Amino acid sequence: QVEMVESGGGLVQAGGSLRLSCTASGFPFDVDGMAWFRQAPMKEREGVSCVNRSGERIYYADSVKGRFTISRDNAKNTLYLQMNSLKPDDTAMYYCAATRYYSGCSMGHFAYWGQGTQVTVSS
């Protein structure tokens, strides 16, 4: 059974750092596209960062560029998001997503989703 599990969220003060992890399992094929999306209460879900399997195609939202870094370890089937210089506006539920073929960093392109991990940044 396909499963993706996120971890690493928590409560931090502004300026702090967190590293999120997402481990995928049960896929009968190699996963090309993986991504981090986030959603704050009463707000739309937005793409934070996306990457294809080779790492040649990477997207960052302008709001996180220079602060967040996406990476993946294909041998371990794990996706990471290093988050530095966190701001209160980064507070959201962060979701890991995957797609067999990478077509861009839009939510509708991703068929597989984790349950999310909460990130809360205090002032």
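As the structure is a prediction and not an experimental result, all values here were calculated from the model. Computation of the quantities below employed the complete heavy-atom set of this structure, encompassing side-chain atoms and omitting hydrogens, waters and symmetry-equivalent molecules.
- Residues in residues 39-69 take part in these disulfide (SG to SG under 2.5 Å) pairs, two or more places apart or across chains: Cys50-Cys105.
- By the side-chain hydrogen bond (donor to acceptor under 3.5 Å, both in side chains) test, Arg100 is found to be paired with no residue, residues two or more places apart in sequence or in another chain being considered.
- Among pairs with a residue in residues 111-123, none fulfils salt bridge (Lys or Arg N to Asp or Glu O under 4.0 Å), at least two apart in sequence or across chains.
- Screening residues 68-101 for disulfide (SG to SG under 2.5 Å) gives Cys22-Cys96 as the qualifying pairs, with residues at least two apart or on separate chains.
- Placement of Leu20 and Val48 within a single hydrophobic cluster is found when ILVMFWY residues are connected by side-chain heavy-atom separations under 4.5 Å, directly or transitively.
- Tyr94 is listed as a side-chain neighbour of Met83, based on a closest heavy-atom distance under 4.5 Å.
- Partners of Glu46 by side-chain hydrogen bond (donor to acceptor under 3.5 Å, both in side chains), not counting sequence neighbours, listed by chain and number: Arg38.
- Nearest heavy atom pair, residue Ala98 against residue Met4, reads CB-SD, 3.6 Å.
- A chain of hydrophobic side-chain contacts below 4.5 Å, direct or via other Ile, Leu, Val, Met, Phe, Trp or Tyr residues, connects Met107 to Met93.
- Tyr95 and Phe68 fall into different hydrophobic clusters, where Ile, Leu, Val, Met, Phe, Trp and Tyr are joined by side-chain heavy atoms under 4.5 Å apart, directly or via other members.
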Quick one: side chains of residues 70-80, donor-acceptor pairs under 3.5 Å with protein atoms, not counting sequence neighbours, listed by atom name and distance.
| from | atom 1 | to | atom 2 | distance (Å) |
| --- | --- | --- | --- | --- |
| Arg72 | NE | Asn74 | OD1 | 2.8 |
| Arg72 | NH1 | Asp32 | O | 2.7 |
| Arg72 | NH1 | Val51 | O | 3.4 |
| Arg72 | NH1 | Asn52 | O | 3.3 |
| Arg72 | NH2 | Val31 | O | 2.9 |
| Arg72 | NH2 | Asn74 | OD1 | 3.4 |
| Asp73 | OD1 | Ala75 | N | 3.2 |
| Asp73 | OD1 | Lys76 | N | 3.4 |
| Asn74 | ND2 | Arg53 | O | 3.0 |
| Thr78 | OG1 | Thr23 | OG1 | 3.4 |
| Thr78 | OG1 | Lys76 | O | 2.9 |

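- For Gln115, the side-chain hydrogen bond (donor to acceptor under 3.5 Å, both in side chains) test picks out no residue, with sequence neighbours left out.
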Atom pairs and distances, donor-acceptor, side-chain atoms in residues 11-19, under 3.5 Å, two or more places apart:
| from | atom 1 | to | atom 2 | distance (Å) |
| --- | --- | --- | --- | --- |
| Ser17 | OG | Asn84 | OD1 | 2.9 |

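- Remark: Arg67 engages Asp90 in a salt bridge (charged side-chain N to carboxylate O under 4.0 Å, His left out) (not counting sequence neighbours).
- Of the possible polar contacts, one joining the Glu6 side chain to the Gly116 backbone as a donor-acceptor pair under 3.5 Å is found.
- Partners of Lys65 under the salt bridge (charged side-chain N to carboxylate O under 4.0 Å, His left out) rule, at least two apart in sequence or in another chain, are Asp62.
- Each ring-ring contact (aromatic ring centres under 6.0 Å, His included) pair with one or both residues in residues 7-63, not counting sequence neighbours, appears once here: Phe27-Phe29, Phe27-Tyr112, Phe37-Phe110, Phe37-Trp113.
- Residues satisfying the side-chain hydrogen bond (donor to acceptor under 3.5 Å, both in side chains) test with Arg57, not counting sequence neighbours, are none.
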